[in-house]
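Contents: one structure, followed by commentary.
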Amino acid sequence: MILKRLVDGLMRAIEIVIMIALIVMVVLVFTNVVMRYGFGTGIAISDEVSRYCFVWLVFLGAIVAMRQHAHLGMDSLVRRLPLAGKKICFAISHGLMLYGCAILLQGSWTHTVLGQANRSAVTGIPMSWVAAAGVVSSIAMGIILVSDLVRLALGRLGEMDLTTVAEEQG
């Protein structure tokens, strides 16, 4: 229960950061376009900051999509399995995704450390801030996956929860 509240709070914070990043991107790009075409000038940092906001938006959006089971998946075989088979597939798939998160974390951490010495051309932002999106994303997705596995182990997942592909809404 504590882990679920932690994940719910994390999701709310991530959604707020995504909203802020989207607003910053829209304002900067729109203002820059108006200034370029209307006044023949522009905001020097606009492109760079928008790009970095987009990187963070994509990584944070992946976290939200994982929480909502909105990533692409194929569940036609899993749906036909008995309950025990669904649980095994759920545990294996989550274990593989945790492994993928560990690889993402390792690579992102390496780039974050290396990026501390490099600064972006226009804003001077350390490139480690950009690479840190992968660190945050992998840790957050890992928390979601562990939370799901704990719920599985405690028997708190229903049979419908074991098929983690969200139904298309038409």
Side-chain angles (χ1 to χ4, degrees), residues 1-22 25 48 50-120 125-169:
M1 195 58 144
I2 293 171
L3 199 52
K4 183 178 180 342
R5 278 188 272 149
L6 173 70
V7 171
D8 289 342
L10 178 67
M11 286 301 108
R12 183 70 183 133
I14 288 171
E15 289 169 358
I16 290 169
V17 172
I18 288 172
M19 181 182 63
I20 292 168
L22 190 57
M25 283 175 51
E48 208 168 83
S50 295
R51 189 175 335 119
Y52 299 155
C53 284
F54 184 70
V55 169
W56 274 92
L57 191 136
V58 167
F59 276 95
L60 295 176
I63 298 167
V64 173
M66 175 169 278
R67 173 66 177 189
Q68 297 174 351
H69 305 294
H71 285 286
L72 292 176
M74 191 175 110
D75 63 349
S76 56
L77 173 67
V78 175
R79 285 188 186 273
R80 297 168 200 249
L81 293 175
L83 181 60
K86 289 178 183 178
K87 287 182 178 182
I88 291 168
C89 285
F90 185 89
I92 290 171
S93 68
H94 274 57
L96 290 171
M97 287 187 283
L98 272 173
Y99 178 68
C101 285
I103 291 171
L104 176 61
L105 177 60
Q106 181 184 13
S108 297
W109 181 256
T110 301
H111 281 278
T112 301
V113 170
L114 292 173
Q116 290 176 347
N118 299 326
R119 300 208 172 261
S120 64
I125 295 173
M127 295 309 294
S128 58
W129 283 72
V130 180
V135 174
V136 171
S137 179
S138 60
I139 290 171
M141 288 191 287
I143 290 169
I144 293 167
L145 292 167
V146 168
S147 172
D148 285 349
L149 287 172
V150 167
R151 289 175 50 221
L152 175 68
L154 296 175
R156 293 188 179 152
L157 290 179
E159 190 168 353
M160 293 303 295
D161 297 324
L162 296 173
T163 307
T164 58
V165 177
E167 290 294 324
E168 182 178 317
Q169 310 224 347

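Position 1 is the first residue of the sequence, and the numbers go up from there.
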Q: Please step through side-chain contact (heavy atoms from CB on, under 4.5 Å) for the pair Thr110 and Leu114, ending with a clear verdict.
A: CA-CA 6 Å; Thr110 301; Leu114 292 173; 4.0 Å; yes
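Across all their heavy atoms, Leu81 and Cys89 have their closest contact at CD1-SG, 3.6 Å. Shown here for Ile63 and Ser137, the closest heavy-atom pair between the two residues is CD1-CA, 3.6 Å. Residues Met25 and Ser50 share a closest heavy-atom pair of CG-O, 3.7 Å. Heavy atoms only, all atoms of each residue included: Val64 and Met11 are closest at CA-SD, 4.1 Å. Across every non-hydrogen atom of Ala91 and Leu152, the tightest pair is CB-CD2, 4.0 Å. Between Ala131 and Ser108, the closest heavy-atom pair is O-CB, 3.8 Å.
The structure places CE of Met97 at 8.0 Å from CG of Leu149, a figure rounded to the nearest 0.5 Å. In this structure, Phe90 CZ and Leu157 CG are separated by 5.0 Å, a value rounded to the nearest 0.5 Å. Distance CD1/Ile139 to CH2/Trp109: 8.0 Å, rounded to 0.5 Å. Ile20 contributes atom CD1, which lies 11.5 Å from atom CG of Leu57 (distance to the nearest 0.5 angstrom). Interatomic distance, CD1 of Ile18 versus CG of Leu60, reported as 5.0 Å (0.5 Å rounding).
Counting only heavy atoms from C-beta outward, the side chains of Leu98 and Met141 never approach each other to under 4.5 Å. Between Leu145 and Cys101, the closest side-chain pair of non-hydrogen atoms falls below 4.5 Å. Side-chain atoms of His94 and Tyr99, non-hydrogen and from C-beta on, never get closer than 4.5 Å to each other. With contacts defined as side-chain heavy-atom distances shorter than 4.5 Å, the pair Pro126/Gln116 does not qualify.
Residues forming a salt bridge (Lys or Arg N to Asp or Glu O under 4.0 Å) with Lys86 (at least two apart in sequence, or on another chain): Glu159. Remark: Arg80 pairs with no residue by the salt bridge (Lys or Arg N to Asp or Glu O under 4.0 Å) rule, at least two apart or across chains. Remark: Arg151 pairs with Asp148 by the side chain to side chain donor-acceptor pair (under 3.5 Å) rule, at least two apart or across chains.
The backbone N or O of Ile125 sits less than 3.5 Å from a side-chain atom of Ser120, completing a donor-acceptor pair. In this structure, Ser138 contributes its side chain and Val135 its backbone to a donor-acceptor pair below 3.5 Å. For the pair Trp56 (side chain) and Trp129 (backbone), a donor-acceptor distance under 3.5 Å is present. Judged purely by atom type and a 3.5 angstrom limit, Ser147 has no side-chain atom pairing as donor or acceptor with the backbone of Ile143.
Between Arg67 and the options Ile14, Leu10, Asp8, a side chain to side chain contact (heavy atoms under 4.5 Å, CB included) holds for only Asp8.
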